[in-house]
Protein chains: 2
Amino acid sequence: MAEIKYEIKENIGVVSESPKSWKKELNIISWNGKEPKYDLRDWSPEHEKMGKGITLTLEELKKLKDILNGMNI
Amino acid sequence: MAEIKYEIKENIGVVSESPKSWKKELNIISWNGKEPKYDLRDWSPEHEKMGKGITLTLEELKKLKDILNGMNI
């Protein structure tokens with residue numbers, strides 16, 4: 001099984017926490033030593049396990065912010 | 001192989017578009033006939049293929065909006 005190396009460069013914020021203490025977090029992560037990206041993903045309490053998530057560029061994050069600010073939420 | 005049924009209830013916005021016309025979209029989607037959720041995901045041009053993504057509750061979307069508005073982007 002291939003190995004994925006990652007380094008969490010910055011924890012920006014926690015979007016939610018599950019009853020089992022998994023957290024949906026927005027982080028800046030470097031995957032396999034590459035240029036760090038924004039990353040929205042579920043994590044176990046000590047970041048030893050990760051769940052599904054997506055990476056986002058700065059431009060995508062800005063656009064997402066605009067979309068959310070245009071919603072009536 | 002198991003089948004996933006989904007229905008895109010609303011297209012809220014497009015976060016980005018790739019050179020191959022895949023789009024990262026924020027949608028409201030019902031998965032397997034369940035209660036619709038917010039969903040941030042890559043989609044092929046005609047929505048016939050989907051990429052990685054995550055679902056978000058309304059509360060998670062609100063918190064994400066707060067986090068993004070607190071960033072200097």
Side-chain angles (χ1 to χ4, degrees), chain A residues 1-6 8-32 34-45 47-73, chain B residues 1-6 8-32 34-45 47-73:
Chain A
M1 200 167 151
E3 186 183 4
I4 298 173
K5 288 184 183 172
Y6 65 91
I8 299 176
K9 299 283 189 181
E10 186 185 337
N11 181 243
I12 300 173
V14 176
V15 173
S16 65
E17 184 168 344
S18 78
K20 288 185 175 176
S21 296
W22 278 62
K23 290 176 188 162
K24 189 168 269 143
E25 300 179 358
L26 181 63
N27 295 310
I28 298 177
I29 299 180
S30 168
W31 297 95
N32 293 315
K34 292 181 185 170
E35 180 190 2
K37 285 187 173 184
Y38 294 96
D39 187 277
L40 186 61
R41 185 175 305 276
D42 291 315
W43 291 91
S44 65
H47 289 110
E48 75 277 25
K49 290 182 192 171
M50 67 179 74
K52 287 182 190 173
I54 53 168
T55 60
L56 296 152
T57 65
L58 176 58
E59 287 309 310
E60 288 174 334
L61 211 62
K62 286 179 181 175
K63 187 64 199 290
L64 180 60
K65 184 172 92 163
D66 290 344
I67 291 169
L68 294 178
N69 283 327
M71 292 172 69
N72 188 23
I73 61 171
Chain B
M1 200 165 151
E3 186 183 6
I4 296 173
K5 288 185 184 174
Y6 65 92
I8 299 176
K9 298 285 190 181
E10 187 184 336
N11 181 243
I12 300 172
V14 176
V15 172
S16 65
E17 184 168 343
S18 78
K20 288 186 175 176
S21 296
W22 278 62
K23 290 177 188 162
K24 189 167 269 139
E25 299 179 358
L26 181 64
N27 296 310
I28 298 177
I29 297 180
S30 168
W31 297 94
N32 292 317
K34 292 181 185 167
E35 180 189 1
K37 285 187 172 183
Y38 294 96
D39 187 277
L40 186 61
R41 185 175 305 275
D42 292 313
W43 290 92
S44 65
H47 289 108
E48 74 276 24
K49 291 183 192 172
M50 66 178 75
K52 286 182 189 171
I54 52 167
T55 59
L56 296 151
T57 65
L58 176 58
E59 286 309 311
E60 289 174 332
L61 211 62
K62 286 179 183 176
K63 187 63 200 290
L64 180 60
K65 183 172 92 163
D66 290 345
I67 292 170
L68 294 178
N69 283 327
M71 293 171 70
N72 188 22
I73 62 171

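Residue numbers begin at 1 in each chain, while the letters A, B, ... track the order of the sequences. Atoms considered below: every heavy atom in the structure, side chains included; atoms not considered: hydrogens, waters and symmetry mates. Just so we're clear, the structure is a prediction, and the values are computed from it rather than from any experiment.
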**Message:** Could you check whether any side-chain heavy atom of B:Leu68 comes within less than 4.5 Å of a side-chain heavy atom of A:Leu26, counting everything from C-beta outward?
**Reply:** yes
**Request:** Identify which of B:Arg41, B:Glu59, B:Met71 forms the greatest number of heavy-atom pairs closer than 4.5 Å to chain A.
**Result:** B:Met71
**Prompt:** Would you say B:Glu48 has more than 12 foreign heavy atoms packed within less than 6.0 Å of its CD?
**Reply:** yes
**Fill in**
For B:Ser16, the side-chain hydrogen bond (donor to acceptor under 3.5 Å, both in side chains) test, sequence neighbours excluded, returns A:Glu60
**Message:** Quick one: does any side-chain atom of A:Lys65 pair with a main-chain N or O of B:Ile73 as donor and acceptor, under 3.5 Å?
**Reply:** yes
**Asked** Checking heavy atoms, do the side chain of A:Leu40, its backbone, both or neither come under 4.5 Å from chain B?
**Response** both
**Request:** Only pairs at least two apart or in different chains count here, so list each ring-ring contact (aromatic ring centres under 6.0 Å, His included) that has a residue in residues 9-32 of chain A.
**Result:** A:Tyr6-A:Trp31
**Request:** With a 4.5 angstrom heavy-atom cut-off, could you sort out which part of A:Thr57 is near chain B: side chain, backbone, both or neither?
**Result:** neither
**Asked** Quick one: does A:Lys63's side chain have a donor or acceptor within less than 3.5 Å of a partner on B:Val14's backbone?
**Response** yes
**Item:** Contact class of A:Ile67 relative to chain B, heavy atoms under 4.5 angstrom
**Value:** side chain
**Fill in**
From the list A:Leu56, A:Leu61, A:Thr55, A:Ile12, the residue making the most non-hydrogen contacts under 4.5 Å with chain B is A:Leu61
